[in-house]
Amino acid sequence: MLNLTSIHHIAIICSDYERSKHFYTEILGLKIIREVYREARQSYKLDLELNGQYVIELFSFPDPPDRVSRPEACGLRHLAFGVQDIGKAAEDLSKFGIQAEPIRVDEHTGKQFTFFSDPDDLPIELYQE
């Protein structure tokens, strides 16, 4: 068995770099660690952190293929972020024109959660801590 200690980061490939950069930094509030343009790949790489922890690598590539997300497809399902107040978080999203699904309750933990999508329709979950 491997001796894993944490999840280091999650990589996301976006279709519109500026739109996704705005979404992850200005709406979700992730902070930029570094931004690099890789000329040979015609690609940006944006390293993002949340509360001082490196969490997401946002990539752009010319004409990336679509990835099936719905109906449920095999592979990575969604990103999930913890929040203190799920109602306020959903309300804050609506101020940016982002509609979250109705808040539900996890039948196993009793915690509230909801889903919304990033600019490329990647499902994102907010989970009440």
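- Residues passing the side chain to side chain donor-acceptor pair (under 3.5 Å) test with Q42: none are found, sequence neighbours excluded.
- In this structure, the separation between SG on C14 and OH on Y24 is 8.5 Å, given to the nearest 0.5 Å.
- The shortest distance between side-chain heavy atoms of D118 and L79 does not fall below 4.5 Å.
- Rounded to the nearest 0.5 angstrom, R38 CZ and S60 OG are separated by 8.0 Å.
- Considering only heavy atoms from C-beta on, D16 stays 4.5 Å or farther from P119 through its side chain.
- Two residues are said to be in side-chain contact when any heavy atoms from C-beta on lie closer than 4.5 Å; L93 and L126 meet this criterion.
- Listed by first and then second residue, the side-chain hydrogen bond (donor to acceptor under 3.5 Å, both in side chains) pairs involving residues 25-34 are R34-D47 (not counting sequence neighbours).
- Interatomic distance, OG of S117 versus CZ of F23, reported as 8.0 Å (0.5 Å rounding).
- With sequence neighbours left out, D85 forms a side chain to side chain donor-acceptor pair (under 3.5 Å) with no residue at all.
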Criterion side chain to side chain contact (heavy atoms under 4.5 Å, CB included) on I32 and L48, from CA distance to verdict: CA-CA 5 Å; I32 297 171; L48 300 167; 3.9 Å; yes
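- Evaluated for a side chain to side chain contact (heavy atoms under 4.5 Å, CB included) with Q112, the options D106, V83, I86 yield exactly one hit, I86.
- Rounding to the nearest 0.5 Å gives a distance of 10.0 Å between CG of L46 and CZ of F59.
- P123 pairs by the side-chain contact (heavy atoms from CB on, under 4.5 Å) definition with S69, R70, R77, H78, F115, not counting sequence neighbours.
- Residue V36 belongs to no hydrophobic cluster, having no ILVMFWY side-chain heavy atom closer than 4.5 Å to its own.
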For a side chain to side chain contact (heavy atoms under 4.5 Å, CB included) check, start with the C-alpha distance between I124 and L28, then their side-chain angles and the critical distance, and finish with the verdict. CA-CA 11 Å; I124 298 178; L28 296 188; 4.2 Å; yes
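- Remark: H22 engages no residue in a side chain to side chain donor-acceptor pair (under 3.5 Å) (not counting sequence neighbours).
- Considering only residues two or more places apart in sequence or on other chains, Y44 meets the side chain to side chain donor-acceptor pair (under 3.5 Å) condition with none of them.
- Residue V105 is found outside any hydrophobic cluster, as its side-chain heavy atoms come under 4.5 Å of no other Ile, Leu, Val, Met, Phe, Trp or Tyr.
- Not a single ring pair (Phe, Tyr, Trp, His ring centres under 6.0 Å) links H108 to another residue, sequence neighbours left out.
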Under 3.5 Å donor-acceptor pairs involving side-chain atoms of residues 94-102, not counting sequence neighbours:
| from | atom 1 | to | atom 2 | distance (Å) |
| --- | --- | --- | --- | --- |
| S94 | OG | E91 | O | 2.6 |
| E101 | OE1 | R104 | NH2 | 3.1 |

Please determine whether salt bridge (charged side-chain N to carboxylate O under 4.0 Å, His left out) holds for the pair D121 and R67, giving the CA-CA distance in whole Å, both sets of side-chain angles, and the decisive distance to 0.1 Å. CA-CA 9 Å; D121 206 29; R67 181 179 308 244; over 6 Å; no
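- Considering only heavy atoms from C-beta on, L30 stays 4.5 Å or farther from L58 through its side chain.
- Considering all non-hydrogen atoms of both residues, H9 and I56 come closest at CB-N, 4.5 Å.
- By the ring pair (Phe, Tyr, Trp, His ring centres under 6.0 Å) test, F81 pairs with no residue at all, sequence neighbours left out.
- For residues 52-62, the salt bridge (Lys or Arg N to Asp or Glu O under 4.0 Å) pairs, not counting sequence neighbours, are K45-E57.
- Between the side chain of Q128 and the backbone N or O of Q84 there is at least one donor-acceptor pair closer than 3.5 Å.
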